[in-house]
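Taking it in order: structure first as structure tokens, then the write-up.
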Amino acid sequence: MLPTTPTNLTAEEKQSMLASVIDTSDDTIISKTLKGIITSWNKSAERMFGYTEAEAIGQHISMIIPKDRLNEEDLIISRIKNGVKIDHFETVRLSKSGEEVSISLSVSPILDGNGKVVGASKIARDNGDKIRSGERQAMLAAIVDRAEDTILSKTLEGIITSWNKAAEKMFGYTEKEIIGKHISTLIPPDRLNEEDYIIGEIKSGNKIDHFETYRRHKNGTLIPISLSISPIIINGKIIGAAKIARDITAQVEAQQEAKKLYEEIKSLNAKKDEFIGLASHELKTPLTSIFGYLQILERVITDEKPKMFLSKTMQQVNKLSSLVNDLLDVSKIESGKLHLVKTLFEVAEVVNDAVQLIADTNTSHKIKLQSEGTPVTIQGDAHRIEQVLINLMTNAIKYSPHGDAVDVIVEYSSDQVKIGIKDYGIGIPANKIPHVFTRFYRVEDDPNISGLGIGLYLSHQIVERHKGKIWVESKLGEGSTFWLTLPLVS
Ligand code: ADP
């Protein structure tokens with residue numbers, strides 16, 4: 001027996017092959033009589049419309065035609081009757097579940113053996129994507145139009161091509177008024193060169209983000225805005241720019257307000273510094289003469305009791321003087337007028353003098369001095385370094401009311417000297433440590449321990465001016481050690 005080839009198929013075989021091709025086709029293929037009765041319905045039609053073959057055959061084609069499109073069927077049939085094919089007719093049909101299916105239809109007449117039109121065959125293709133992209137575009141257009149941000153587009157020549165509702169609100173021009181106009185309509189004359197920059201960036205395919213500038217409203221007022229501009233690329237070619245503009249009036253006002261406040265605070269601060277400077281200067285003059293007169297009295301008074309009162313008065317005047325001096329130093333630092341008198345000096349001498357002074361003027365605490373290494377000479381302001389040491393030792397005594405000792409540790413090395421002042425007092429809470437060198441900062445406003453919160457600030461400034469470091473190690477309730485280092489040459 002000869003093998004069966006497509007050329008020698010029987011008519012029956014040919015028909016069944018065609019039927020199976022139709023049935024397995026990805027396209028929806030349906031045939032109907034001229035009266036619209038469905039006569040064939042392939043698998044793809046089942047998938048597209050949800051009706052099985054058995055459900056569809058014998059039914060009228062209007063079963064899948066939306067009511068408002070029924071006249072399309074008359075048109076199709078009348079053309080088919082005249083033997084005219086219909087190609088790619090884009091329309092919408094209904095599925096069994098009532099959903100709209102957008103399709104592209106091609107309808108051909110079916111002829112009988114005598115060439116008479118007896119029906120129509122339809123091939124339908126799902127057109128969903130096409131419609132969906134159309135819908136998407138419409139949706140996007142609606143989003144853009146209703147967006148709260150101003151969105152507009154322009155050509156590379158600067159001609160405005162789209163303009164949403166927010167743009168109307170922001171700039172006062174309607175879509176009708178502005179489309180086709182040049183973007184410079186919105187740009188203040190002194191900012192026209194910005195447009196060259198923007199277009200330059202866009203032409204190079206760059207985005208511009210948060211470009212803060214001013215644009216002009218139809219009524220001439222300037223609006224502070226933040227612009228984000230992106231190139232519009234179609235088929236790989238940059239054809240224009242899309243701009244999103246945000247009104248930043250509130251932000252700019254807040255910034256201006258903050259700047260104003262900052263300036264006010266700065267000026268108040270300057271006034272306060274000026275006041276501190278003036279007040280301490282004015283206090284210093286009478287204090288100096290009081291002290292002078294007390295010294296004269298010291299020489300002439302011989303009686304024990306008045307001598308004792310005088311000594312106490314002098315102690316208090318000294319305290320007052322040192323406070324006034326500290327205040328004066330603060331104002332000098334603030335105005336950049338704290339001048340150091342640098343010389344070469346023996347560190348050991350300065351440490352000894354400071355220890356001696358504190359040991360002589362206090363009765364509660366023993367000052368123990370330990371020294372390691374070979375004493376060195378350093379370059380700096382000996383008087384100011386002594387001031388730092390006295391200040392740290394005074395604090396060590398002041399903040400250890402129940403203690404009876406302060407250790408002074410001096411470690412000399414080849415490139416620096418390190419000095420520690422250790423007390424066994426109240427200590428400093430860990431979270432307060434970073435603040436203690438700040439001007440006017442006091443950890444606890446303990447009414448029993450007086451102070452202005454400037455001693456450590458001054459010490460820090462003086463040590464830093466010597467290119468040294470100052471820091472504190474402290475444990476609450478156990479005590480503190482204030483350390484400072486001074487390089488041999490500063
Ligand atoms: P004050 O005049 O208040 O002593 P300082 O600038 O010398 O000012 O010190 C700042 C703050 O640091 C003090 O108010 C105190 O709370 C804390 N402080 C300084 N030295 C010590 C110390 N040795 N022990 C505990 N706290 C200290």
Side-chain angles (χ1 to χ4, degrees), residues 272-273 276 279-280 283-284 287 315-334 338 351 354-355 357-359 361-370 383-410 418-466 468-485:
K272 181 205 68 193
D273 286 342
I276 292 174
S280 45
L283 287 168
K284 203 173 152 69
L287 265 177
Q315 262 177 30
Q316 293 307 312
V317 171
N318 267 331
K319 238 183 172 174
L320 199 56
S321 289
S322 100
L323 277 177
V324 169
N325 280 336
D326 278 358
L327 275 174
L328 210 57
D329 283 348
V330 168
S331 87
K332 279 184 193 159
I333 287 172
E334 293 315 309
L338 184 83
V351 175
V355 167
L357 188 104
I358 298 295
T361 48
N362 101 92
T363 47
S364 55
H365 292 65
K366 225 172 138 54
I367 316 292
K368 290 190 248 168
L369 175 63
Q370 320 158 24
H383 174 69
R384 290 292 179 186
I385 297 298
E386 191 178 345
Q387 182 185 348
V388 172
L389 298 176
I390 291 173
N391 181 29
L392 295 180
M393 281 187 261
T394 311
N395 276 353
I397 293 170
K398 192 160 77 164
Y399 295 103
S400 60
H402 306 296
D404 59 3
V406 170
D407 298 333
V408 177
I409 308 138
V410 188
K418 182 175 173 188
I419 307 171
I421 315 284
K422 184 176 172 69
D423 67 57
Y424 302 88
I426 60 172
I428 304 167
N431 61 337
K432 304 285 167 69
I433 288 180
H435 308 291
V436 292
F437 297 101
T438 323
R439 194 161 57 133
F440 306 126
Y441 183 83
R442 306 206 68 217
V443 172
E444 225 96 299
D445 262 331
D446 185 341
N448 300 317
I449 307 180
S450 68
L452 292 178
I454 49 182
L456 287 184
Y457 167 74
L458 283 177
S459 303
H460 183 255
Q461 294 287 327
I462 293 169
V463 172
E464 281 218 321
R465 292 278 299 272
H466 283 81
K469 288 201 175 78
I470 184 165
W471 70 100
V472 58
E473 287 162 5
S474 185
K475 244 190 168 159
L476 203 59
E478 289 183 21
S480 316
T481 308
F482 280 82
W483 291 102
L484 66 101
T485 57

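A quick note: this is a predicted structure, and the numbers were derived from the prediction, not measured. All values below were derived from every heavy atom in this structure, side-chain atoms included, with hydrogens, water molecules and symmetry-related copies excluded. In listed order, ligands and their atoms are each counted from 1.
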Among protein heavy atoms, which lies nearest atom 8 (O) of ligand 1, and at what distance? G453 CA, 3.1 Å

For atom 23 (N) of ligand 1, what is the nearest protein heavy atom, given as residue, atom name and distance? D423 OD2, 2.8 Å

Any N or O of S450 that comes nearer than 3.5 Å to an N or O of ligand 1? no

Mark yes or no for whether H365, through its side chain, and S400, through its backbone, hold a donor-acceptor pair below 3.5 Å. yes

Kindly confirm or rule out an N or O of G455 lying under 3.5 angstrom from an N or O of ligand 1. yes

Minimum non-hydrogen distance to atom 14 (O) of ligand 1, winning option of Y399, Y457, F437, Y424: Y399

Would one find an N or O of G427, backbone or side chain, under 3.5 Å from an N or O of ligand 1? no

Report yes or no: is the cationic atom of K418 (NZ for Lys, CZ for Arg) under 6.0 Å from the centre of the six-membered ring of W483, at an angle within 45° of the ring normal? yes

Can you see which heavy atom on V443 is nearest to which on P429, and at what distance? CG1-CD, 3.8 Å

Among all protein heavy atoms in this structure, tell me which lies nearest to atom 3 (O) of ligand 1, with the distance rounded to 0.1 Å. R442 NE, 2.4 Å

Closest non-hydrogen protein atom to atom 11 (C) of ligand 1, residue and atom name please, with distance? Y441 O, 3.6 Å

Between Q461 and D329, a side-chain donor and acceptor under 3.5 Å: no

What part of V443, side chain from CB on, backbone N/CA/C/O, both or neither, has a heavy atom under 4.0 Å from ligand 1? both

Does only the side chain of K432 get under 4.0 Å from ligand 1, or the backbone, or both, or neither? Count heavy atoms. neither

Nearest protein heavy atom with distance in Å, relative to atom 5 (P) of ligand 1: L456 N, 3.6 Å

I'd like to know whether NZ of K398 has more than 12 heavy-atom contacts from other residues, nucleotides or ligands below 6.0 angstrom. yes

Top protein contact for atom 7 (O) of ligand 1, by heavy-atom distance: N395 ND2, 2.7 Å

Is the number of heavy atoms from other residues, nucleotides or ligands under 6.0 Å of K272 NZ greater than 12? yes

Once you restrict to heavy atoms under 4.0 Å, what part of I449 touches ligand 1? Side chain, backbone, both or neither. neither

Over all atoms of both residues, closest heavy-atom pair of L338 and I333: CD2-CG1, 3.7 Å

Quick check: N391 and ligand 1, any N/O pair under 3.5 Å apart? no

Run the contact test for G425 against ligand 1 with a 4.0 Å cut-off on heavy atoms, strictly below, and give the result. no

By side-chain hydrogen bond (donor to acceptor under 3.5 Å, both in side chains), which residues pair with S474, not counting sequence neighbours? S480

Can you find an N or O of V436 that's nearer than 3.5 Å to an N or O of ligand 1? no

Is F482 touching ligand 1 with its side chain, its backbone, both, or neither, if touching means heavy atoms under 4.0 Å apart? side chain

Which atom pair, heavy atoms only, marks the closest approach of N391 to S459? ND2-OG, 2.7 Å

Could you tell me whether D404 atom CG has more than 12 heavy atoms of other residues or ligands within 6.0 Å of it? no

Hits for side-chain contact (heavy atoms from CB on, under 4.5 Å) against H460, two or more places apart or cross-chain, chain-then-number order -> F437, E464, I470

